[in-house]
Amino acid sequence: MSTQTTLAKDAAARSKAPPGLDAQGTVYRILIAISLVHLFNDSIQSVIPAIFPILKDSMHLTYTQIGWIAFAINFTASIMQPVVGWFADKKPTPSILPIGMGFTFTGMLLLAFADSYMMVLISVIFVGLGSAAFHPEGSRVSHMAAGQRRGLAQSIFQVGGNAGQSLAPLLTRWIFIPFGLFGAIGFTGIAAMGIAVQLYVARWYGQMLQSGAYLRKQAAARRAPNPALRQKIAAAITILILLVFVRSWYVASIGSFYAFNLKDTFGLSTEDAQIYIFLFLAAGALGTFFGGPLADRFGKRNMIFLSMAGAAPLALLLPYANLFWTGVLLTIIGFIMLSSFSVTVVYAQMLIPGKIGTVSGLITGLAFGMGGLGALVLGNWIDAFGVSPVMQICSFLPLIGIFTFLLPSDKLLHRWAKENGSEE
């Protein structure tokens, strides 16, 4: 066989390979598609805390019972996400993506017809399971389509989720306040659209797996670190978990309970209070988008630190601001604090290369779980001490971001990867 014939066959084989195999290529159509589904998923999931005031009034619930609902959805997602990620690392399964959105569809259908507190709990557990199935595999798809722009890719993926979260207060204002829980029936249509997009993404995902390039790359990156390095990585992961814990508790305090504080302090209606929560979450979505590219340029650890240190003094001022400055501060705090949302995921993937699903499930699942636990604890505290004192205590949480300086720098992470022979 001639050299020219061999070269021609190689070129033909490359032309049939799915896009994105080139390490330099960023597959934007897939990133946009998975980000769109993230918007669908998280807008549905975030409707749950947004309708807490409605549930409280219509079912005469206590703050503790509200906390249990938040705990049910977030803890379900947090427990299952690392499990789904671990399974998919062992056996990547594209069909998990549309199946997960099917769980979300079921949850919203049940919520539309929920007539008891227990039925509400069951419906939100289904939504939590759908979220648990989506996030680790969605993050893996983002990683596969990223090329060399991991921060940007993860930001595109995460901004869909944060944008979906920001829409929840408005959806509550426009749908659930006029129609009650039956308004959830409309979200089954959104879930159905999500299933359709997931089928498209899953097909591309399957093509990438069939090519074998992704699996070979992951196998090369999955080498076990030496014992000394393993201890350093464990210490860094522990610190990162602490930072995710703090951020999640603070975001839970705003997303789940700050509307009650606005009603008590300024006499706002439920509808008007939702606007302020929207400002916080919408600014957070914008911050998430810019956080990834900035981290690619200035370093991921630096971005994590700035997101906490920059928000800390503003968070301390928030409980004492008037209504106008409350809106301003919520917007700025949301932008700064959530700018590190996608960055923490990419940083964790750098710490433990080759286990994209497990690590992504751990970090994003932990964010959901800690948020749910935070809502449960905060709900109990608010029942005991009132909304305003608890919000004042939460304002100190971002100060713990000073521990970011204990994380290894980006350069040190690359050096560890080279020493271990596992750099992707």
Side-chain angles (χ1 to χ4, degrees), residues 39 42-43 46-54 56-57 63 66 70 158-159 161-178 246-291 306-341 371 374-375 378-379 382 386-399 401:
L39 186 150
D42 282 25
S43 64
S46 298
V47 158
I48 307 302
I51 62 174
F52 283 169
I54 297 171
K56 187 177 187 299
D57 293 340
Y63 286 109
I66 292 292
Q158 296 291 357
V159 77
N162 285 5
Q165 292 175 25
S166 72
L167 292 175
L170 298 183
L171 294 172
T172 300
R173 180 187 176 97
W174 296 332
I175 297 175
F176 285 98
I177 289 177
V246 169
R247 186 184 65 201
S248 300
W249 271 52
Y250 187 80
V251 172
S253 74
I254 302 297
S256 296
F257 296 109
Y258 205 76
F260 297 111
N261 186 63
L262 290 169
K263 292 171 67 176
D264 289 353
T265 305
F266 301 109
L268 296 183
S269 65
T270 298
E271 296 94 324
D272 291 339
Q274 294 295 334
I275 297 295
Y276 289 81
I277 308 306
F278 168 75
L279 290 175
F280 174 80
L281 296 173
L286 195 61
T288 297
F289 178 77
F290 285 103
L306 288 174
S307 74
M308 302 292 284
L314 303 178
L316 290 170
L317 290 173
L318 181 62
Y320 310 101
N322 61 27
L323 186 59
F324 171 79
W325 283 107
T326 292
V328 173
L329 289 173
L330 281 172
T331 302
I332 299 174
I333 292 169
F335 181 89
I336 295 174
M337 179 164 283
L338 291 174
S339 64
S340 66
F341 194 91
L378 293 175
I382 291 171
V387 176
S388 183
V390 173
M391 293 299 105
Q392 292 174 10
I393 293 172
C394 290
S395 69
F396 288 90
L397 287 172
L399 291 173

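One is the number of the first residue; the rest follow in order along the sequence. In this text, all values refer to a predicted model and were calculated from it rather than measured experimentally.
- In this structure, OG on Ser339 lies 12.5 Å from CD on Gln158, to the nearest 0.5 angstrom.
- Rounding to the nearest 0.5 Å gives a distance of 12.5 Å between CG of Leu306 and CE of Met337.
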(request) Carefully, step by step, assess Tyr63 and Leu378 under the rule side-chain contact (heavy atoms from CB on, under 4.5 Å). (result) CA-CA 9 Å; Tyr63 286 109; Leu378 293 175; over 6 Å; no
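- Phe260 approaches Lys56 most closely through the heavy-atom pair CE2-CD, 3.9 Å.
- Taken to the nearest 0.5 Å, the CD1 atom of Ile51 stands 8.5 Å off from the CD1 atom of Ile66.
- The heavy-atom pair separating Gly310 from Pro313 by the smallest distance is O-CD, 3.8 Å.
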(request) Go through Tyr250 and Ile333 one step at a time and tell me if the side-chain contact (heavy atoms from CB on, under 4.5 Å) criterion holds. (result) CA-CA 11 Å; Tyr250 187 80; Ile333 292 169; 3.8 Å; yes
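- The OG atom of Ser307 sits 11.5 Å away from the CZ atom of Phe335 when rounded to the nearest 0.5 Å.
- A distance of 5.0 Å separates CG in Leu330 from CG in Leu318, rounded to the nearest 0.5 Å.
- With contacts defined as side-chain heavy-atom distances shorter than 4.5 Å, the pair Ser253/Val390 does not qualify.
- In this view, Asp264 satisfies the salt bridge (Lys or Arg N to Asp or Glu O under 4.0 Å) rule with no residue, not counting sequence neighbours.
- In this structure, the side chain of Thr265 does not engage the main chain of Leu262 through any donor-acceptor pair within 3.5 Å.
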(message) Pair Cys394, Leu397 - check side-chain contact (heavy atoms from CB on, under 4.5 Å), show working.
(response) CA-CA 5 Å; Cys394 290; Leu397 287 172; 4.3 Å; yes
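- A 6.0 Å sphere centred on CZ of Phe396 holds no more than 12 heavy atoms belonging to other residues, nucleotides or ligands.
- The shortest heavy-atom contact between Ala312 and Leu399 is CB-CD2, 3.8 Å.
- Annotation for Pro319 and Met391: closest pair CG-O, 4.2 Å, computed over non-hydrogen atoms.
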(message) For Ser395 and Leu316: C-alpha separation, side-chain torsions, deciding distance, then whether side-chain contact (heavy atoms from CB on, under 4.5 Å) applies.
(response) CA-CA 5 Å; Ser395 69; Leu316 290 170; 3.9 Å; yes
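- Inter-residue side-chain proximity for Ile175 and Val47 is flagged as unmet; no heavy-atom pair is nearer than 4.5 Å.
- Annotation: side-chain hydrogen bond (donor to acceptor under 3.5 Å, both in side chains) contacts involving residues 325-338, sequence neighbours excluded, are absent.
- Between Phe257 and Phe52, the distance separating the two ring centers is not shorter than 6.0 angstrom.
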Donor-acceptor pairs are to be reported for all side-chain atoms of residues 272-290 against protein atoms at under 3.5 Å, with residues two or more places apart or in another chain.
residue: Asp272; atom: OD2; partner: Ser269; partner atom: OG; Å: 3.3
residue: Gln274; atom: NE2; partner: Ala50; partner atom: O; Å: 3.3
residue: Thr288; atom: OG1; partner: Asn162; partner atom: ND2; Å: 2.3
residue: Thr288; atom: OG1; partner: Gly284; partner atom: O; Å: 2.9
residue: Thr288; atom: OG1; partner: Leu338; partner atom: O; Å: 3.0

